[in-house]
Every structure is written in C-alpha cells, then in structure tokens.
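Accompanying notes for the structure given below.
Note that this is a predicted model, so its numbers are computed, not measured. Values below: every heavy atom of this structure, side chains too, minus hydrogens, waters and symmetry copies.
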Amino acid sequence: MQLSVIMDSLPYLFQASIATVCYTLGGIIVGAALAILVCAARFSRSPILQRLARAHVSVFRGIPLLVLLMLIFYLLPLIGIFVPASVSAVLALGLCTSGYLAEMLRGALLAIPAGQTEVAEALGMTGVDVWRRILLPQAMRGCLPQVIGEFIALMKASSLISVIGISELTRVSMNIAATTFRPLEAYIGAGIFYLAINLCLAGCGNLAERRLGRGVPA
C-alpha cells in the first residue's frame, strides 16, 4: 500500500466529502419537511389524508433508494420536467428518508399523552401552535436517537447518487482509483472521510440528546 496516494488524494476527497454532506443535508431537510406533513396528515380527521399518508410511507419505504433515484432522474424528463442531477439526488434522498422519519415521528407522537393536546386546545391554541409548541418538540426529543441513526444511514446511502454522475465521495474515489491504478488506497481514503463525517454526525446527535435531556436551551 502506498500512503503517498492517500495523501495526494486528500484534497480531492475533502472537496468531495463537502459535496456529500451538502447533498445529504439537502435530503434531510426535504425528508424532514415531508415527514412532518405526512405525520400531520396521518393524525388528521380526514380519511383521505390518512390514506394518502399511509400510501406515502408504504411507497417510499418500499422502493430502494437506487431505483427511486433512477426513476426520478429518467422518468421526469419523459413527462416534460427537466431537473438537474443534483436536484434529482436531493429529491430522491429526501423522499426515501421521509417515510422512515414519518414513522419515527408518529411513534414518538403516540407516546405523548392525549390530554396535553386537549388542554392546549381548551386554552385556545390553534392546531398549528399545538404542533409547533407542544407536540413536535416532545416528539423530536423522544425519537432523536432513531432519527440520528437514520441520518447516518442516509449519509452512507448517499454514495448511490454517484450513478447519475454526482461528484460525491464515492464517485471521486472511483476516479482516483481509475487514474492511479491504486483502488485500495483510494477507497481507504474515502472510508476515512465517511467515518469522520458519521462520527461528527453521531457526536452532534449525542450533544443534542444531552442538551434536550437537561432542558438546556441550544
């Protein structure tokens, strides 16, 4: 093994790791927003919204990320919707994780006593306020460990977006392996960056858990 290949590759892998983090964060933001909407629909009084929410969870938990990514990237242009590869990647990551996040959030919400919502409504709070000020903060605290685990899984799964030409960590390490003929060193370098990113993510999750557990404002 030639350590010099790893050292020479570090600048390129570092840039690629930033792209990986950005795409994953984009997917997390899209997925979290969708998950909240899906979860709200699941708890609504409308049977139609409940069915749509259940369908969303079933579909996007049942389709593998790679298939979802290819469908978005190749299907949308066929119906006249042209989106860049970067948008397809973020959308696929977001949709894929939204089903899992919605179910985690739903489980945490079910653990909150129904009396809290009834008291809040009796005090005149609107439905949006009940969700924003009472339900979501408690639910996020309850499901935070599972959510962090899902974010880490999404970070690792983001390597699949390389198949549509996104220059993220896996794609760049493949290019380095092809140009240097040293695949072992290239993938060791990529593994180091993936590990560092996920350790940082897990550390942020642990910090958030401690702060929320103590009720200390962030």
Side-chain angles (χ1 to χ4, degrees), residues 19-77 79 81-112 117 126-161 163-164 166 168 197-198 201 204-205 208 212:
T20 295
V21 170
C22 290
Y23 282 113
T24 305
L25 284 178
I28 289 172
I29 292 170
V30 172
L34 285 173
I36 292 172
L37 293 176
V38 168
C39 201
R42 191 71 182 270
F43 283 95
S44 73
R45 295 183 176 89
S46 168
I48 295 176
L49 289 179
Q50 291 179 18
R51 291 193 189 98
L52 289 175
R54 281 197 293 269
H56 179 98
V57 171
S58 298
V59 168
F60 293 111
R61 284 202 314 177
I63 300 178
L65 174 59
L66 181 58
V67 176
L68 183 61
L69 181 65
M70 302 302 270
L71 284 174
I72 293 173
F73 187 65
Y74 290 110
L75 180 63
L76 291 182
I79 58 175
I81 302 175
F82 294 95
V83 294
S86 57
V87 176
S88 298
V90 171
L91 189 57
L93 290 170
L95 287 170
C96 183
T97 196
S98 65
Y100 295 99
L101 292 177
E103 283 301 278
M104 293 173 192
L105 192 57
R106 187 175 74 89
L109 286 168
L110 288 173
I112 299 174
T117 303
T126 64
V128 174
D129 285 338
V130 171
W131 273 82
R132 183 173 60 87
R133 301 178 62 179
I134 296 177
L135 297 179
L136 282 180
Q138 293 187 74
M140 287 305 299
R141 186 182 307 169
C143 66
L144 188 57
Q146 295 93 332
V147 169
I148 295 298
E150 172 62 20
F151 288 171
I152 290 174
L154 188 68
M155 171 68 72
K156 291 187 287 187
S158 70
S159 62
L160 294 174
I161 66 176
V163 300
I164 58 172
I166 300 291
E168 47 72 65
I197 293 170
N198 282 324
L201 192 53
C204 291
L212 288 173

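Here C39 contributes atom SG and L109 contributes atom CG; the two are 4.5 Å apart, rounded to the nearest 0.5 Å. With rounding to the nearest 0.5 angstrom, the CZ atom of F73 is 8.0 Å from the CD1 atom of I166. With values rounded to the nearest 0.5 angstrom, L201 atom CG is found 9.0 Å from T24 atom OG1. Here R42 contributes atom CZ and L110 contributes atom CG; the two are 9.0 Å apart, rounded to the nearest 0.5 Å. Atom CE of M140 is separated from atom CD1 of I36 by 7.5 Å, given to the nearest 0.5 angstrom. Atom-to-atom distance recorded for I148:CD1 and C143:SG is 9.5 Å, nearest 0.5 angstrom.
Closest approach of L69 to L160, counting heavy atoms only: CD2-O, 3.5 Å. In this structure, R61 and Y100 approach most closely via the heavy-atom pair O-OH, 3.5 Å. S158 approaches M155 most closely through the heavy-atom pair OG-O, 2.5 Å. Of all heavy-atom pairs spanning L65 and A157, the tightest one is CD2-O, 3.5 Å. Closest non-hydrogen pair, A139 versus A108, comes out as O-CB, 3.3 Å. Of all the heavy atoms in G27 and L154, the pair that sits closest is C-CD2, 4.3 Å.
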Item to check | L136/L105 under side-chain contact (heavy atoms from CB on, under 4.5 Å): CA gap, chis, key distance, verdict | outcome: CA-CA 8 Å; L136 282 180; L105 192 57; 4.0 Å; yes
Next on the checklist: Using the rule given for side-chain contact (heavy atoms from CB on, under 4.5 Å), can you reason through Y23 versus I161, listing the C-alpha separation, both sets of side-chain angles and the distance that settles it, and then say yes or no?
Outcome noted: CA-CA 9 Å; Y23 282 113; I161 66 176; 3.9 Å; yes
Next on the checklist: Does V90 form a side-chain contact (heavy atoms from CB on, under 4.5 Å) with V30? I'd like the steps, not just the answer.
Outcome noted: CA-CA 8 Å; V90 171; V30 172; 3.9 Å; yes
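Ion pair R54/E103 not flagged as a salt bridge, since none of the NZ, NE, NH1 or NH2 atoms sits closer than 4.0 Å to an Asp/Glu carboxylate oxygen.
Between the side chain of T97 and the backbone N or O of L93 there is no donor-acceptor pair closer than 3.5 Å. The backbone N or O of L95 lies less than 3.5 Å from a partner atom in the side chain of S98, making a donor-acceptor pair. In this structure, S159 contributes its side chain and K156 its backbone to a donor-acceptor pair below 3.5 Å.
Looking at S44 and Q50, their side chains never bring a donor and an acceptor atom within 3.5 Å of each other.
Inter-residue side-chain proximity for L91 and V83 is flagged as unmet; no heavy-atom pair is nearer than 4.5 Å.
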